[in-house]
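Every heavy atom of this structure was used, including side-chain atoms; hydrogens, water molecules and symmetry mates were not. The chains referred to below are lettered A, B, ... by the order of the sequence lines, with proteins before strands, and numbering in each begins at 1.
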Amino acid sequence: MSDKHARLERLTSMLRRRGVILPAFEIHGGVAGLFDFGPVGGRLRRRLNNSWLEHWASHGDIVEIDSPTITPEAVLIASGHVGEFNDFMSECNACGGAFRSDHLAEGHHPNPDVLSQEELDQILHNNSIACPTCGGGDWKAARPMNLMFDTRIGAMKGGRAAYMRPETAQGMFMLFPALYRHFRNRLPFGAVQTGKGYRNEISPRQGMIRLREFNMAELEYFIDPEVEPAHDFSKWESIQFNLIPDPEFNQPMSIDPGSASAENIIRHPTVAWFMARTWDFLVSVGINPEMIRFRQHEGTEMAHYASDCWDAEIHGSYGWIECVGIAHRGCYDLAAHESATGDGNLRAWRPYSEPRTVDKTVLAGKGSIIGPAFRDQAGAVNDALQSIDEMPTGFPFELTLESGDSVTIEADMVEEKRIQTTEHGEWFLPHVVEPAFGIDRILWHIIDHSYVETEKGGEPYTVLRLPASIAAIDIAILPLMEKDGMGEVASHIHHQICAAPNLASYYDGSGSIGRRYARADEIGVPWAVTIDHESLQNGSVTIRRRDDGEQIRIQPDELVDALVSGAVTSLF
RNA sequence: GCGGAUGUAGUGAAGGGGUUAUCACCUGAGGUUUCCAACCUCAUGUCACGGGUUCAAAUCCCGUCGUCCGCACCA
C-alpha cells in the first residue's frame, strides 16, 4: 500500500515537474478539483480527444456538434438536473456530521426525495431521528446543496437563471431536430460532443478523479425501439470482457460481448455494441485491457434518466474507477423536453410496412339544423358527434356533451358519412443509448498504466510508454553535439517535422545524449532522432525506439513520411 | 461540513527569534566529453496569505486560504 502510495507521489511529482498536469491557480493558493494541463499535458489531452472523435466518426452515422456550457435553468429543470442535483443536507449540532436529509427521513415517509426543506425538518424533529455518528437528535435546518454552478444570463437583475452544464448530453437533445434533418429523417444516428462539464463537488479528492471542471465526451445514439438492432459481434468473439452484473441477477463473469447480449445479461444489443466499441477505444489509447471491467448499475443507484447502465471501470492507483457510463436512457430526455416545451419536433417518423387504411362511419352534424336548434351549444354538439365511438342504434338518441349536458339528437340533424383515412406511419420518441466518457479519468489511467519505473545501470529510470498515437510529442531531435554543423542539420529536421500537419517534435541540444534520451522517455516521446558525424557525410540519421532503445539509420525524408502515416514501427 | 496532519526554489527534503535560509536533483551558461541521466566552474530560483507579539518573525501567537488523510457526501 505504501509502495503504491510512494509510486503515486513520484508520478504526480513528475507530472508537475514536466508540465503535464499541475494544480491550477497555484500562485493564488490553488483550488481543489481544478487542474491545468501544461505544455505536455495540453497536447496529450488534445490527442486523446481527437482519438475519441475519430473513433466514433469512423462509424459513418455519428456527427460532432458543439453547444454552450451556459445552460438556461428551464433546460435543466426539464432534464431533471435541477431537482435531482438539489439535495438537502442536515447537519448535527452535536457532532457536526452532515447527511442527506432525505436519507435520514427514510422509513418515515414513502418518498422523502420530494419533500421540501420544512417538511424534512419536521420529520427529523417529530420522529427524533438520531444522528448516525453520535446518536444526537438536534439538527440544524436542512440546507439545499446543489452540485451545479449557478449563474445568470444578463447583467441586470432581470437576468435569466442559468447553470454551467453538468453534462454535455443536453446539447445533443436540444439539437435533435437539426440532427434528424441532417440524417434525412432516418434512424439510427448519433451525435458526439466533447467539452467541459461542471460540478461543484463538496469535496474533490483523488487528484484527477473527481474534478469541479472536467472534460467530458458524450455520445447520444438515437434508435427506433421497435427495430431489432443487428450488430455484428464477431470481431470480439474471442475476447472475454469482465462483467459484474447487478448481483440481484448474476454473478461476475468473463464473457464475450456477443454472448452477453444473446444471453440478455446486457439487456440491449446496442448497449452491448457500445460497450464493445468502448473497450476498443480504451485499449487503442493505451489502457491495459486486463484493467478494464464493466459493472452494471443496481436498480437503486441508477441515475434518474437511465433504464440500464453499465460503467466501464478502470483499475489504477486509486482502485477501480468509473471512467465511462453506458446508459440506455430510453426516451426519457426527449419526452421530458417535449412535455416541458410542447415542441413537436423531437419525434421521428416510423413508416408502416403497409399503409393502414381505416374505414370509419361517422355522424356529421348538419349545420343548418344543429345551429338553430342548439345555438351556443352547437359547437359542443358537433364535437361530441365526431367523437362518438359506436353508432347509435336508432333515432332519437341522447348525446352527452363534454360539459356533462345531455342533448337529444333527431335523425334529420345528422347524416352518416363514410370516411376513409390512410395512415402511412406514426411519430414516435426515439430511444437513446448514451456512452459518456470522463476524459480526464481516462487520461489519468493512460498515464498511470504507461508509467513504468525500471532501472538503468543501477539507477532508477522511468518511461512513459504511451501509444505513439496520443503521445504529446512525436519525436525528439537530438544533435549528438552542437558543433560541426550537427546543430543546424538537427534544427532543419525539427522545423521540417513541426511543419507537417499534426506532428510535433522538440529539439534538445543540452546535456549528454543519455540525459536527453532519459528526458524524452520520461514524458513518453516514442521516437528520438540523433544527428551524428555520419549524418554530415551522407544525410542519414539514427532513429531510436523508446521502448527498447533500438536504433536504425534512415534518411530524414523517409522518416517524415513514416511519421505522417504513423508507420515508423514498420521501419524496424 | 467535521476531526487530524500539513504548507520552505521546478521536484523532493533539512532547518529555524538575529540581519547572507541549507542540501540533493532539476533548469540555464561556459568548458570538457560524446549514442543511453559522466565531469568541472558559474548562475537563476524558495519560507502560502493577512494580522499580532518583538528592537528584530521564515521561526512564536491568531485568523484566512490551500493541500493531504479519515468520516460524511458523490453523474
Item to complete: Just name whichever nucleotide pairs with B:G7, Watson-Crick or G-U, keeping both distances under 3.5 Å, else none.
Response: B:C65
Worksheet item: Where does the angle between the aromatic ring planes of A:F572 and A:W527 fall among parallel (under 30°), tilted (30 to 60°) and perpendicular (over 60°)?
Response: parallel
Item to complete: Could you list by number each residue of residues 519-537 of chain A showing a heavy-atom separation from RNA chain B of less than 4.0 Å, or answer none if no residue does?
Response: A:R519, A:T530, A:D532
Worksheet item: Hey, which of A:E434, A:E220, A:H431 is the one that makes side chain to side chain donor-acceptor pair (under 3.5 Å) with A:R329?
Response: A:E434
Item to complete: Using whole Å, report how far CD1 of A:I27 lies from P of B:G45.
Response: 17 Å
Item to complete: Evaluate the ring planes of A:F241 and A:F294, with Trp represented by its six-membered ring, and classify them as parallel (under 30°), tilted (30 to 60°) or perpendicular (over 60°).
Response: parallel
Worksheet entry | Short side-chain N/O contact from A:S512 to OP1 or OP2 of B:U34, under 4.0 Å | no
Worksheet item: Is there a side-chain contact between A:F37 and A:L44 (heavy atoms, below 4.5 Å)?
Response: no
Worksheet item: Can you find a pair of side-chain heavy atoms, one from A:I314 and one from A:I321, that are under 4.5 Å apart?
Response: no
Discussion item. Could you tell me how far B:U64 sits from B:G28 if I compare only their C1' atoms? Round to whole Å.
Written reply: 37 Å
Practice prompt. Give the rounded distance in Å between these two atoms: CG of A:L480 and C1' of B:U33.
Written response: 10 Å
Worksheet, complete the sentence: If pairing means Watson-Crick or G-U wobble with both distances under 3.5 Å, then the partner of B:U59 is none
Practice prompt. Check whether the side chain of A:R515 and the base of B:C36 form a donor-acceptor pair under 3.5 Å.
Written response: no
Worksheet entry | Separation between the P atoms of B:C47 and B:U22, rounded to whole Å | 13 Å
Worksheet item: Using atom C1' of each nucleotide, how far apart are B:C68 and B:G31 to the nearest Å?
Response: 45 Å
Worksheet item: Which whole-number value in Å describes the distance from A:E313 CD to B:C74 P?
Response: 17 Å
Fill in: Between C1' of B:C74 and CE of A:M148, the distance in whole Å
15 Å
Worksheet entry | Integer angstrom distance from the C1' of B:G17 to that of B:C60 | 8 Å
Worksheet item: If you measure from the Lys or Arg side-chain nitrogens to the Asp or Glu carboxylate oxygens, is any gap between A:D448 and A:R441 under 4.0 Å?
Response: no
Item to complete: Could you check A:Q296, A:H268, A:H297 and say which one makes a side chain to side chain donor-acceptor pair (under 3.5 Å) with A:D308?
Response: A:Q296
Fill in: Base of B:C74 paired with side chain of A:R210 (donor-acceptor, under 3.5 Å)
yes
Worksheet item: CD of A:E482 versus C1' of B:G28: gap in Å, rounded?
Response: 13 Å
Worksheet entry | Any strand: nucleotide that pairs with B:U19 via Watson-Crick or wobble, under 3.5 Å | none
